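First up is the structure itself, then whatever we jot down about it.
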Amino acid sequence: MVAALGALLLCARPGAAQDVDDATRASARQLGYSGVEAYEAQDYASASNKLERAYRVLQVPTLGLWSARALVKLGKLVEAQERYLKVGRLAFSGGDADVQRKAQ
């Protein structure tokens, strides 16, 4: 599953409204990887923290999906539902559109 995440996050690009420099994007991507690794290790509090921080920088479906999953594991169901709904409406550009659509 972590390998699949790698493919998903590597394709993550912010939408046109989010002008994020390459260094910030790379940091958010690495934070996302770390968050998913924490999720896989069942450390949901750490996973949620990392994924939330990454998602604030790169609001893309892949990070939003993992963030929502972590919120569910923490029992934050209202926040998770809101995140799932937002992920379904996110616009994205660049990267692998099929991967982002699949995350939606």
Side-chain angles (χ1 to χ4, degrees):
M1 186 179 256
V2 174
L5 163 77
L8 291 176
L9 289 180
L10 283 174
C11 297
R13 299 261 188 239
Q18 292 179 319
D19 291 326
V20 178
D21 64 68
D22 289 341
T24 302
R25 184 179 303 120
S27 293
R29 203 175 278 142
Q30 186 57 45
L31 194 55
Y33 289 135
S34 182
V36 173
E37 289 172 1
Y39 182 94
E40 292 291 319
Q42 298 179 0
D43 182 359
Y44 302 120
S46 178
S48 182
N49 178 288
K50 292 173 182 182
L51 290 162
E52 287 294 315
R53 290 176 21 220
Y55 181 72
R56 273 186 245 135
V57 174
L58 289 177
Q59 290 195 7
V60 294
T62 50
L63 284 173
L65 176 63
W66 281 100
S67 172
R69 288 175 176 168
L71 289 167
V72 167
K73 293 294 188 177
L74 293 175
K76 297 180 178 183
L77 302 181
V78 172
E79 292 93 335
Q81 179 185 24
E82 290 171 355
R83 179 63 44 84
Y84 281 126
L85 290 172
K86 186 171 183 179
V87 165
R89 294 187 302 259
L90 279 176
F92 53 88
S93 63
D96 188 334
D98 289 335
V99 171
Q100 295 300 335
R101 239 184 311 284
K102 184 176 178 182
Q104 286 182 312

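Values below: every heavy atom of this structure, side chains too, minus hydrogens, waters and symmetry copies. All values derive from a computational prediction rather than experimental measurement.
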Per the salt bridge (Lys or Arg N to Asp or Glu O under 4.0 Å) rule, what does the pair list look like for residues 76-87, sequence neighbours excluded?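 Counting only pairs at least two positions apart or across chains, the salt bridge (Lys or Arg N to Asp or Glu O under 4.0 Å) contacts touching residues 76-87 are Glu52-Arg83.
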Any chance you could measure Ser48, atom OG, to Arg69, atom CZ, to the nearest 0.5 Å?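 Separation between the atoms: 14.0 Å.
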For the hydrophobic clusters of this structure (ILVMFWY residues joined by side-chain heavy atoms under 4.5 Å, transitively), does one cluster hold both [X] and [Y]?
X	Y	answer
Val36	Leu74	yes
Tyr44	Leu51	yes
Leu77	Leu65	yes
Val60	Leu71	no
Val57	Leu31	no

Indicate the atoms forming the closest heavy-atom contact of [X] with [Y], along with that distance.
X	Y	value
Leu90	Tyr55	CD1-OH, 3.8 Å
Ala47	Tyr39	CB-N, 3.4 Å
Ala28	Ala54	O-CB, 3.4 Å

Sequence neighbours excluded, which residues qualify as ring-ring contact (aromatic ring centres under 6.0 Å, His included) partners of Tyr84?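 Counting only residues at least two positions away or on another chain, Tyr84 forms no ring-ring contact (aromatic ring centres under 6.0 Å, His included).
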Are any side-chain N or O atoms of Ser34 and backbone N or O atoms of Gln30, one a donor and one an acceptor, separated by less than 3.5 Å?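 Side chain of Ser34 to backbone of Gln30: no pair is present.
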